[in-house]
Amino acid sequence: QVQVVESGGGLVQAGGSLRLSCAASGLTFSSYAMGWFRQAPGKEREFVAVIAWSGGRTIYADSVKGRFTISRDNKNNTVYLQMNSLKPEDTAVYYCAADFYNWVRTKAYEYDYWGQGTQVTVSS
């Protein structure tokens, strides 16, 4: 049984930082690209970042480029999202997802497994 579990969300002031973690189990983690998506109230889920199975390729949404960093630890089946210089518009539920693909993709429907999400709230 595959499980994807996010943690690390919370309330932070604008300009602050948070690090999200995502632990995956029940799958061969190193065979999956891992992505982060987010969904704000009243909006559609949007792509944030993705990292290839090897860590050798990453893609970021323009809105987070230069502020967020995605990384992974294949030994511990964990992917991270370091979020710096947070803005109120980053407020959303953040989801981690696994894509059985040997490179990187950014469309939510292409991902195979999803976590339940973790809330990130940035106050102004």
Side-chain angles (χ1 to χ4, degrees):
Q1 180 181 353
V2 176
Q3 286 192 313
V4 178
V5 180
E6 305 93 339
S7 62
L11 173 64
V12 63
Q13 287 189 331
S17 298
L18 280 176
R19 188 174 85 151
L20 305 183
S21 299
C22 170
S25 60
L27 51 72
T28 303
F29 185 75
S30 59
S31 295
Y32 287 76
M34 296 298 296
W36 287 96
F37 293 77
R38 67 187 181 186
Q39 188 166 17
K43 295 188 176 182
E44 292 191 354
R45 192 169 298 190
E46 66 173 2
F47 166 76
V48 175
V50 60
I51 186 167
W53 67 271
S54 65
R57 174 75 168 123
T58 57
I59 297 177
Y60 296 91
D62 287 344
S63 58
V64 307
K65 206 171 292 184
R67 300 187 298 121
F68 290 11
T69 302
I70 189 171
S71 61
R72 67 188 294 159
D73 178 353
N74 285 350
K75 289 183 180 178
N76 291 302
N77 289 9
T78 303
V79 62
Y80 304 97
L81 186 68
Q82 177 67 42
M83 306 187 295
N84 298 329
S85 302
L86 282 161
K87 304 175 181 180
E89 51 263 44
D90 294 318
T91 294
V93 177
Y94 282 71
Y95 297 91
C96 176
D99 181 13
F100 186 62
Y101 188 63
N102 62 4
W103 203 225
V104 290
R105 298 190 287 197
T106 63
K107 299 292 191 279
Y109 67 82
E110 293 168 324
Y111 284 69
D112 303 292
Y113 302 105
W114 291 82
Q116 292 299 307
T118 185
Q119 176 71 46
V120 171
T121 303
V122 184
S123 63
S124 57

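Just so it is clear, the values below take in all heavy atoms, side chains as well, and ignore hydrogens, waters and symmetry mates. Owing to the predicted nature of the structure, the values given are computational and were not obtained by experimental measurement.
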Is the shortest side-chain heavy-atom distance between Y95 and V4 below 4.5 Å?
no
Kindly say whether F100 contributes a backbone atom to a donor-acceptor pair with the side chain of Y113 at under 3.5 angstrom?
no
Okay, side chain of E6, backbone of Q116: is any donor-acceptor separation there less than 3.5 Å?
yes
CG-OH distance between L27 and Y32, expressed to the nearest 0.5 angstrom:
5.0 Å
In the structure I gave you, are the side-chain heavy atoms of Y111 and V50 within less than 4.5 Å of one another anywhere?
yes
Side-chain heavy atoms under 4.5 angstrom apart, residues restricted to Ile, Leu, Val, Met, Phe, Trp, Tyr: same cluster for V120 and F68?
yes
Name all residues meeting the ring-ring contact (aromatic ring centres under 6.0 Å, His included) criterion together with F47; count only those two or more places apart in sequence or in a different chain, and write none if there are none.
F37
Any chance you could lay out the side chain to side chain contact (heavy atoms under 4.5 Å, CB included) test for T58 and V104, step after step, and finish with the verdict?
CA-CA 7 Å; T58 57; V104 290; over 6 Å; no
Taking only residues at least two apart or on different chains, which pairs with a member in residues 13-40 satisfy salt bridge (Lys or Arg N to Asp or Glu O under 4.0 Å)?
R38-E46, R38-D90
Indicate yes or no for a side-chain donor-acceptor contact from T91 to the backbone of V122 under 3.5 Å, with no hydrogens or angles considered.
yes
The salt bridge (Lys or Arg N to Asp or Glu O under 4.0 Å) partners of K65 (sequence neighbours excluded) come to D62
Linking I/L/V/M/F/W/Y whenever their side-chain heavy atoms sit closer than 4.5 Å, directly or via other members, would V48 and V12 fall into one cluster?
yes
If you round to the nearest 0.5 Å, how far is OG of S71 from CG of L81?
8.5 Å
Find out whether R67 and Y60 are in side-chain contact, i.e. whether some heavy atom of one side chain is under 4.5 Å from a heavy atom of the other.
no
Using modelled atom types only, decide if a donor and an acceptor are shared between the side chain of R72 and the backbone of F29 within a distance under 3.5 Å.
yes
For the hydrophobic clusters of this structure (ILVMFWY residues joined by side-chain heavy atoms under 4.5 Å, transitively), does one cluster hold both M34 and V64?
yes
Distance-only, no hydrogens or angles: does the N74 side chain make a donor-acceptor pair with backbone N or O of S54 under 3.5 Å?
no
Hey, what do you get for CD (Q82) to CG (L18), rounding to the nearest 0.5 Å?
8.5 Å
